[in-house]
Structures are given as structure tokens and as C-alpha cells.
Number of protein chains: 2
Amino acid sequence: MEKEKEVTIYDLARKLNISIATVSRALKDDPVVSKKTKKKIFELAEEMGYRSNHFARNLRNKRTDTIGVIVPRLNSYFMSTVIAGIENVANNEGFNLIISQSSESAQKEMNSVKTMFNNRVDGLLVSLAYDTEDITHFETLYRKNIPVIFFDRVAEQDMCTNVLIDNRRAAYEATKHLIQQGCKRIAHITATPKRNVYIDRLEGYKRALAEFDLPFSNDQLIIGNLSQEDGALAAAQILAIPERPDGIFVANDNSAVGCMLALKQAGIRIPEDIAFVGFNNDPVSKVVEPNLTTINYPGYEMGEVAARNLINHLTGIATITSTNTILLRSELVVRGSSLKNKT
Amino acid sequence: MEKEKEVTIYDLARKLNISIATVSRALKDDPVVSKKTKKKIFELAEEMGYRSNHFARNLRNKRTDTIGVIVPRLNSYFMSTVIAGIENVANNEGFNLIISQSSESAQKEMNSVKTMFNNRVDGLLVSLAYDTEDITHFETLYRKNIPVIFFDRVAEQDMCTNVLIDNRRAAYEATKHLIQQGCKRIAHITATPKRNVYIDRLEGYKRALAEFDLPFSNDQLIIGNLSQEDGALAAAQILAIPERPDGIFVANDNSAVGCMLALKQAGIRIPEDIAFVGFNNDPVSKVVEPNLTTINYPGYEMGEVAARNLINHLTGIATITSTNTILLRSELVVRGSSLKNKT
DNA sequence: CCGTTAATTGTAACCGATTACATAAATATT
DNA sequence: AATATTTATGTAATCGGTTACAATTAACGG
């Protein structure tokens with residue numbers, strides 16, 4: 001069960017009676033090596049099953065062609081879509097991905113950053129954990145000049161590059177849409193506004209209300225963990241509000257769906273009694289009845305853009321140091337759950 | 001913008017006026033080094049911001065503490081859940097993950113295998129692409145004695161270890177359940193039976209039919225790509241069948257849901273006219289109305305089990321060479337879509 | 001045919017850790 | 001105090017590439 005001995009450039013060199021330097025150059029397709037020698041070397045390499053040793057190379061080159069990715073959780077539709085986008089770009093460019101999840105814990109996130117750091121990733125793509133308060137754990141990376149790009153859940157720092165959508169505007173559009181459908185009392189279901197995404201969505205929501213002179217009071221704000229189950233709990237709260245809302249803007253589709261189902265159970269008609277707008281364009285939004293109006297959040301593109309920018313920076317094609325924020329387009333997708341005025 | 005110089009054990013040794021050997025040992029917490037010296041070294045390391053160079057270490061040790069993962073696609077609920085399970089175990093054990101997706105293409109899968117191989121992963125976890133016919137591209141790994149564990153989409157090889165559920169039995173249970181609910185003409189929506197998962201599910205379905213003396217003809221078999229959209233297309237086919245089925249077993253929830261929605265649109269009542277059973281226990285199964293009866297597929301556990309077994313093998317705790325197959329428990333989750341006999 | 005330049009190839013010093021073996025220091029034994 | 005043990009540290013080879021610089025060979029012009 002002994003591992004077969006690895007073939008090295010020394011073996012190739014010995015067999016061909018040439019120097020390892022020539023072999024090394026040939027394998028990198030260095031034009032300085034004559035075609036005949038190259039041919040010989042390539043053929044022998046193939047024949048002997050040679051494979052280059054990345055560690056020896058990285059040790060010398062001090063780069064790893066590896067990108068680290070840290071996300072709050074892997075098993076959400078949105079995140080897995082982003083990662084698919086990242087993988088696509090990275091793979092095409094010959095970069096490897098090492099991935100870890102923080103499970104929404106700042107502590108685990110710090111550990112992951114340290115691990116990535118020790119693994120000498122060339123750069124890092126990060127979506128912050130829910131309870132990450134400060135981002136000092138990234139300072140070691142800055143000191144070593146390792147680029148970090150945040151996406152979706154970003155930090156309000158000045159020194160880093162962020163890829164995200166305009167959450168404020170999207171939330172504003174979502175809320176405005178409800179208003180235009182005739183809603184007068186619009187509630188908002190979201191998570192504790194600690195992270196940018198929730199803060200911004202809340203702001204956009206409030207801005208729309210203010211603009212159309214609709215009142216806002218705190219009992220219109222329902223804070224939860226945005227899970228589907230939590231949406232059902234939110235439904236109970238909604239029903240308990242004296243002046244029942246006639247429209248709800250939810251910060252994610254999962255929770256919106258949970259809430260809708262529970263309300264329907266309670267005999268509420270959607271959208272007639274309460275209209276809904278969600279966020280993310282998750283697959284469930286097309287399954288629930290009526291289909292959920294939502295904000296299309298381009299996860300795959302976000303992954304591609306983040307990875308592309310990081311790699312361009314690493315390869316020197318374009319630098320991100322001057323880029324502070326990249327905003328992706330998002331748009332309202334109108335479906336049945338909000339269409340009070342059916343035409 | 002020059003990268004700060006890395007601190008090495010040489011720097012530490014020089015500063016403390018001791019040898020690099022002692023430093024190296026101390027950092028690995030080798031008991032042979034005295035506590036005092038260790039303390040000094042740890043403190044200085046901390047102070048100077050030393051981090052070990054994995055490449056130098058790997059170069060020496062010939063192991064990478066890295067596991068490769070190749071999946072057909074990252075952005076599916078099931079796969080991302082499996083990966084979350086893998087990540088959890090790997091991370092706890094100090095292993096890194098490098099992940100790539102084959103996008104259901106055998107060609108891309110081969111490339112990924114090669115990349116993983118060149119990156120010297122210690123082991124590989126693979127779920128095969130849809131159109132992978134033979135698995136000769138894994139032979140290089142076997143030759144170098146790199147363990148490979150397949151999960152979910154496995155190969156019918158004898159030499160490899162597979163982690164999966166008993167698809168045949170699960171499909172049998174699903175179909176039997178429909179029969180017990182009074183269904184007489186049961187259709188099956190699935191993908192081309194090339195991969196084990198679809199072959200086995202088809203067999204289980206047929207076995208149940210046979211056992212209860214129900215007929216099977218090819219027009220009860222609807223082949224598609226199992227997407228939600230494809231489910232809608234399947235609905236059209238269903239409606240076109242002269243003797244319309246009164247029960248449908250679908251090989252995944254997404255497609256089942258697409259089909260259900262389209263049939264409801266066409267005025268079919270579920271489960272009264274047609275009962276449904278899906279597969280996977282995807283979140284959408286709890287959103288569609290009526291809720292979809294399905295097979296609970298323990299993705300997270302599957303990821304954990306696969307990773308745990310691979311790592312145990314790598315660390316020598318337990319070997320997988322004798323293990324051919326690990327079956328995980330799956331079970332039927334009965335919900336409204338199949339309950340014709342409401343009690 | 002010889003000197004000069006261009007095209008190839010070789011030599012050897014890294015990159016930063018690990019570890020077998022040798023050596024020195026501290027402690028125990030007689 | 002001298003010797004045997006144990007404990008702690010050091011020396012140097014090794015892992016497999018990369019690359020600056022030196023050396024060799026081939027091609028060219030006169």
C-alpha cells in the first residue's frame with residue numbers, strides 16, 4: 001500500500017541527461033528552450049506520469065493561485081449560487097478555491113480568516129457573519145497586502161472593496177410598489193439591523209413610507225431570524241397588530257413564504273387582505289401561491305464579479321485599491337402576491 | 001505596495017540565538033523541547049507575527065491536509081447541504097477543502113480530477129456528473145493510492161467506496177405508499193436512467209408495481225431533466241396520456257413541484273385526481289400546496305459521513321479499503337400531496 | 001577560418017520547513 | 001568525583017522546484 005514514488009524534474013533530467021534547469025524551463029514553455037529539447041521533455045514527462053509539485057513551486061514563487069472564500073453558510077440558495085459564480089471564474093483562470101463557512105459566528109469567522117491566512121491564499125472573498133461587529137481580524141491580511149473583497153454582507157470600511165446591490169434602492173422600490181398597489185399600512189419583516197443589508201433595506205423601506213406620507217411606528221417592524229419557521233411566527237405577530245397591515249415587505253423570500261403560508265392558514269387572502277413583497281428571488285418564490293413578488297438578486301453574477309475583480313487585481317490586469325464599491329443591478333419582479341390592482 | 005517580509009523560523013532562531021531545529025520542534029509542541037524555551041519561542045513568534053509556511057511543510061511531509069470535492073453543481077439545495085456537512089467535519093479536523101463543479105459535464109469533471117491531482121489533495125470526495133460514463137479518469141488517483149469516496153451519484157465499481165442511500169428501497173416505499181393510498185396507475189418522472197440514482201429509483205418503482213400486480217408500460221415513464229420547468233412540461237405529457245395516471249412518483253422535488261403547479265393550473269386536484277410523491281425533501285416541498293410527500297434525503301449527514309470516513313482513512317484511524325458501501329437511512333415523509341385517504 | 005553575436009543549456013543558490021543523527025548540558029547513580 | 005543516563009539542543013541533508021548568472025554551442029559575417 002506504499003505510495004508510488006513521485007516523478008520529479010530530477011528524474012526527467014537524469015533520464016535525458018540534461019540539467020534540471022532546462023527541464024524546469026521547458027515545462028513552463030519558456031521560449032528560451034529549443035523545440036526539440038522541449039518535445040523530448042514533454043514526451044518523457046507524459047510517459048513517466050510526471051506532475052509538477054505545487055508546493056515546491058509555491059514555496060519558491062510565494063504565490064498559491066488559491067482564493068479563499070468565507071461565507072456565513074453554504075447551504076442557502078443565494079450563497080450556493082454566488083459560490084457557483086465564483087467557482088466558474090476561478091476555475092477558468094486556474095485558481096483554486098478553498099471554502100469555509102462561519103455559520104454566522106464571528107468567532108468561527110475569525111478562525112477561518114486565520115486558517116486562510118496560514119494557507120497563504122492570494123486573496124479572499126468574504127460575506128460577513130451575522131454577528132461580526134468589527135473587522136479587525138482582517139487587518140493581518142491588509143498588513144501583508146492580501147486583497148479582500150466583501151460581497152453581499154459587507155463592512156462599512158473605507159479601505160475595502162465591496163460588491164453588492166443597492167439594498168436601499170431595492171427596498172425602496174419594493175415598498176413603493178406596495179404603496180402603488182394601494183397599501184396604506186406596510187409592515188417590514190427583517191433581521192436585527194446590524195448588517196448593512198438589513199440596515200439598508202430598512203432605510204429604503206422607511207424612505208418610501210416617508211415619501212408617500214405613510215406613517216411608521218415600531219410595531220410595523222418585526223424582527224426575526226428570517227427563516228421560514230420564523231416567518232410563521234411573524235404571521236402570528238401580524239395578526240395581533242390592532243390595525244392590521246395590508247402590505248408586508250420581507251427581507252427575504254424564505255421568511256416571506258413562511259409568513260404567507262401561515263396567514264393563508266388563518267384565512268387571510270393574499271394579496272387582497274395583505275400584499276407581499278420578498279427579497280432574493282429564491283426558487284420558493286415561484287412555488288408559493290400566489291407567486292411571490294420579490295427583488296431579483298443576481299447571486300451568480302455577484303460571485304462572478306467578485307471573483308473576476310479579485311483575480312484581475314492579483315494578476316495585475318486591474319487594481320481594486322481605488323475601487324470602493326461595485327453595485328450590481330437588481331430589479332423588482334412583480335408576481336401575484338402583490339397585485340392588488342389586477343388589470 | 002511591497003509585501004511585508006514573512007517571518008520564518010530562521011528569523012526566530014536568530015533572534016533567540018538558538019537553532020532552527022529547536023524552533024521547529026517547539027512550534028509543533030514537541031515534548032522534547034523544554035518549557036522555558038518553548039515559552040520564549042511562542043512569545044516571540046506571536047510578537048513577530050510568525051506564520052508557518054504550509055508549502056515548505058507540505059513539500060517535506062508530502063501531505064497537504066487538503067480534501068478535494070467535485071460535485072455536478074454547487075447551487076442546488078441538496079448539494080450545498082452536503083457540502084456544508086463536509087465543510088463542518090473537514091474544518092474541525094484541520095483539513096482544507098478545495099471545491100469544484102463539473103457542471104454535469106464529464107469533460108469538466110476530468111479536468112477537475114486532474115487539477116485536484118496536481119494540487120495533491122490527500123483524498124477526494126466526488127459526486128459524478130450526469131454524463132460520466134466510465135471512471136477511468138480516477139485511475140491515476142488509485143495508482144498513487146489517493147483515496148476517493150463517491151457519494152450520491154456513485155460508480156458501480158468494486159474498487160471504490162460509496163456513500164449513498166438505498167434509492168431502490170426509497171423508491172419502492174414511495175411507490176408502495178401511493179399504491180396504499182389507492183392509486184392504480186402510477187407514473188414516474190425521472191431523468192434518463194444512466195446514473196445509479198435514477199436507475200435504482202426506477203427499479204424500486206417497478207418492483208413496487210410488480211409486487212402489487214399493477215401494470216407498467218413505457219408511457220408511464222416520463223424522462224426529462226428534473227428541473228422545475230421540466231416538471232411543467234411533464235404535466236402536459238401527463239395530461240395527454242389516454243388513461244390518466246392517478247399517482248406520480250417524481251425523482252426529485254423540484255420537478256414534482258413544477259409538475260404539480262402546472263397540473264393545478266389545468267384544474268387537476270391534488271391528491272384527489274393525482275397523488276404526488278417527490279424525492280429529496282427540498283424546502284420547496286413544504287411550500288407547495290398541498291405540501292409534497294417526499295423522501296427525506298439526509299444531505300448534511302451524507303456530507304459528514306463521507307468526509308469523516310475519508311479523514312479517518314487518511315489519518316489511519318480506520319481504513320475504507322474494505323468498505324464498499326455506506327448506506328444512510330432515508331425515510332418517507334408523508335404530507336398532503338399523497339393523502340387520498342384522509343382519516 | 002576566426003571573431004562576434006545569438007541561442008541554448010548548466011551551475012548553484014535559494015524558498016522554509018522537517019528530522020535523523022550527533023552533541024552538549026543537566027541529572028542521577030555508585 | 002567520576003560515570004552513566006536522561007534531557008535539551010544543534011548540524012546538516014532533504015523535499016522539488018525557480019532563476020540569476022555563467023558557460024557552452026550554434027550561427028553568422030568577413
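Only this structure's heavy atoms are used, side chains among them; waters, hydrogens and symmetry mates stay out. Below, read A as the first sequence line, B as the second, and so on, with proteins coming before strands; counting in each chain starts at 1.
For the pair B:Arg57 CZ and C:dG16 P, the computed distance is 15 Å after rounding to whole Å. Between the C1' atom of C:dC15 and the CD1 atom of B:Ile9 lies a distance of 12 Å, rounded to the nearest Å. If you take CE of B:Met48 and P of C:dG16, they are 13 Å apart, rounded to a whole angstrom. One can place CD1 of B:Ile18 at 14 Å from P of C:dA17, the figure rounded to the nearest angstrom. Between the CD atom of B:Glu6 and the C1' atom of C:dC15 there is a distance of 12 Å, rounded to whole Å. Between the CG atom of B:Asn58 and the P atom of C:dC15 there is a distance of 19 Å, rounded to whole Å. Regarding B:Asp30, its CG atom lies at a distance of 9 Å from the P atom of C:dT19, rounded to whole Å. Rounded to an integer number of Å, the gap from A:Leu12 CG to C:dG10 P is 13 Å.
B:Asn58 and B:Thr64 are not linked by any side-chain donor-acceptor pair at a separation below 3.5 angstrom, with hydrogens and angles left out of the test. Side-chain contact, A:Ser34 with A:Thr37: a donor N or O sits under 3.5 Å from an acceptor N or O.
Remark: the A:Arg25 side chain and the C:dG10 base include a donor-acceptor N/O pair separated by less than 3.5 Å.
Taking both residues in full, the closest heavy atoms of A:Arg73 and A:Gln101 are given as CA-OE1, 3.6 Å, listed atom of the first, atom of the second, then distance. Of all heavy-atom pairs spanning B:Pro72 and B:Ser102, the tightest one is CA-OG, 3.2 Å.
Side-chain contact check for B:Asn162 versus B:Ile326: every heavy-atom pair is 4.5 Å or farther apart.
Looking at A:Arg63, its side chain never comes within 3.5 Å of a backbone N or O of A:Val121 through a donor-acceptor pair.
Comparing C:dA17, C:dG16, C:dT9 by their closest approach to the side chain of A:Lys62 singles out C:dG16.
If you check every strand for non-hydrogen atoms under 4.0 Å, A:Lys35 touches sugar and phosphate atoms only. Here B:Val33 lies in heavy-atom contact (under 4.0 Å) with sugar-phosphate atoms only. Looking at heavy-atom distances under 4.0 Å, A:Ser24 makes contact with a base. Contact annotation for B:Arg51: backbone-only contact, meaning every heavy-atom pair under 4.0 Å involves sugar-phosphate atoms and none involves a base. Nucleic acid contact for A:Phe55: none, since no nucleic acid atom lies under 4.0 Å from a heavy atom of the residue.
Under a cutoff of 6.0 Å and an axis angle of 45°, B:Arg51 and A:Phe117 form a cation-pi pair.
Salt bridge B:Glu93/B:Arg308: present, at least one basic N to carboxylate O contact under 4.0 Å.
A residue-by-residue look at B:Tyr50 and A:Asn17 shows that A:Asn17 has its nearest nucleotide of DNA chain C further toward the 5' end. With the nearest nucleotide of DNA chain C identified for both B:Ser52 and A:Ser19, A:Ser19 has the one nearer the 5' end.
A:Ser34 has no side-chain polar atom (N or O) that falls below the 4.0 Å cut-off from OP1 or OP2 of C:dA7.
Taking every nucleotide of DNA chain D with any atom under 4.0 Å from a non-hydrogen atom of chain A, the first and last of them, 5' to 3', are D:dG16 to D:dC21.
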